[in-house]
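A quick write-up on the structure given underneath.
Proteins get letters first, then strands, A, B, ... in listed order; numbering begins at 1 in each.
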Amino acid sequence: MTGPSSYQRIYAAVRRIPKGRVSTYGAIARVAGLDGQARQVGYALSALPSGSSVPWHRVINAQGRLSLERAASGAGITQRLRLVREGIVVDAGGRVSLEKFGWRIRAAKRRRD
DNA sequence: CCACTGACGAGTG
DNA sequence: GCACTCGCCAGTG
């Protein structure tokens with residue numbers, strides 16, 4: 001076998017984000033062993049079928065903004081709704097404080113999730 | 001094979 | 001904060 005696909009590793013990494021926290025495309029890429037391929041993370045998430053159990057809404061960009069906020073589809077609204085429902089504060093501009101809600105992960109010294 | 005496109009990111013001005 | 005460039009890589013025509 002060729003081992004798990006990149007997509008599978010990405011989905012597994014996204015599932016690790018605790019409820020009430022958010023992570024970034026770049027950080028997920030790193031956890032998935034795809035350092036520097038943040039773009040692939042977005043590509044993988046866009047391929048998710050509706051109804052997936054993967055918490056894709058917890059993935060935002062490195063600037064703390066919801067990438068779908070600009071999108072013309074309703075996905076941006078869904079993401080915002082899900083985040084707020086988990087207690088995450090999303091401002092009018094579709095921004096989240098990574099300082100307060102960012103998932104802090106350390107491969108070496110992992111104090112908490 | 002080439003060109004272009006993306007739910008991205010870091011760097012520069 | 002905004003605009004632009006370059007690096008990444010899979011999918012599409």
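Residue A:Glu69 contributes atom CD, which lies 15 Å from atom P of B:dA7 at whole-angstrom precision. The CG atom of A:Asp35 sits 12 Å away from the C1' atom of C:dG7 (whole-angstrom rounding). In this structure, A:Tyr7 places its OH atom 9 Å from P of C:dA10, rounding to the nearest Å. Atom OH in A:Tyr25 sits about 5 Å away from atom P in B:dC8, given to the nearest Å. One interatomic measurement links the two molecules: CG of A:Asn61 to P of B:dA7, which rounds to 12 Å at whole-angstrom precision. In this structure, CG of A:Leu68 is placed 8 Å from P of B:dC8, rounded to the nearest angstrom.
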Nucleotide N/O to protein N/O under 3.5 Å, stretch nucleotides 4-6 of chain B:
{"from": "B:dG6", "atom 1": "N7", "to": "A:Arg39", "atom 2": "NH2", "distance (Å)": "2.7"}

Quick one: which protein N/O atoms are closer than 3.5 Å to N/O atoms of nucleotides 10-13 of chain B? Pair and distance per line, please.
none

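Listed for the A:Gln79 side chain is a donor-acceptor partner under 3.5 Å among the backbone atoms of A:Val59.
Other residues sharing the hydrophobic cluster of A:Ile77, ordered by chain and number and joined by side-chain separations under 4.5 Å: none, the residue standing alone.
In this view, A:Ala44 and A:Tyr7, A:Ile10, A:Tyr11 satisfy the side-chain contact (heavy atoms from CB on, under 4.5 Å) rule, not counting sequence neighbours. Scanning for side-chain hydrogen bond (donor to acceptor under 3.5 Å, both in side chains) contacts around A:Ser53 gives A:Arg15, with sequence neighbours left out. Checked against side-chain hydrogen bond (donor to acceptor under 3.5 Å, both in side chains), A:Gln40 has no partners two or more places apart in sequence or in another chain. Under the side-chain hydrogen bond (donor to acceptor under 3.5 Å, both in side chains) criterion, A:Arg39 pairs with no residue at all, not counting sequence neighbours. In this structure A:Ser46 satisfies the side-chain contact (heavy atoms from CB on, under 4.5 Å) test with no other residue, sequence neighbours excluded.
Among the nucleotides B:dG9, C:dC9, B:dA7, the one closest to the side chain of A:Ser67 is B:dA7. Side chain of A:Thr24, nearest nucleotide from B:dG9, B:dA7, C:dC8: B:dG9.
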Only pairs under 3.5 Å count here: list side-chain donor-acceptor contacts from residues 85-97 of chain A, not counting sequence neighbours, and write none if there are none.
{"from": "A:Glu86", "atom 1": "OE1", "to": "A:Gly20", "atom 2": "N", "distance (Å)": "3.0"}
{"from": "A:Glu86", "atom 1": "OE1", "to": "A:Arg58", "atom 2": "NE", "distance (Å)": "3.1"}
{"from": "A:Glu86", "atom 1": "OE2", "to": "A:His57", "atom 2": "NE2", "distance (Å)": "2.9"}
{"from": "A:Glu86", "atom 1": "OE2", "to": "A:Arg58", "atom 2": "NE", "distance (Å)": "3.2"}
{"from": "A:Glu86", "atom 1": "OE2", "to": "A:Arg58", "atom 2": "NH2", "distance (Å)": "2.9"}
{"from": "A:Asp91", "atom 1": "OD1", "to": "A:Gly93", "atom 2": "N", "distance (Å)": "2.7"}
{"from": "A:Asp91", "atom 1": "OD1", "to": "A:Gly94", "atom 2": "N", "distance (Å)": "3.0"}
{"from": "A:Asp91", "atom 1": "OD1", "to": "A:Arg95", "atom 2": "N", "distance (Å)": "2.9"}
{"from": "A:Ser97", "atom 1": "OG", "to": "A:Glu99", "atom 2": "N", "distance (Å)": "3.4"}
{"from": "A:Ser97", "atom 1": "OG", "to": "A:Lys100", "atom 2": "N", "distance (Å)": "3.2"}

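You'll find the side chain of A:Leu68 stays beyond 4.5 Å of the side chain of A:Thr78, heavy atoms only.
Contacts of A:Arg95 with the nucleic acid, taken as non-hydrogen atoms under 4.0 Å apart, involve only primed sugar atoms and P, OP1 or OP2.
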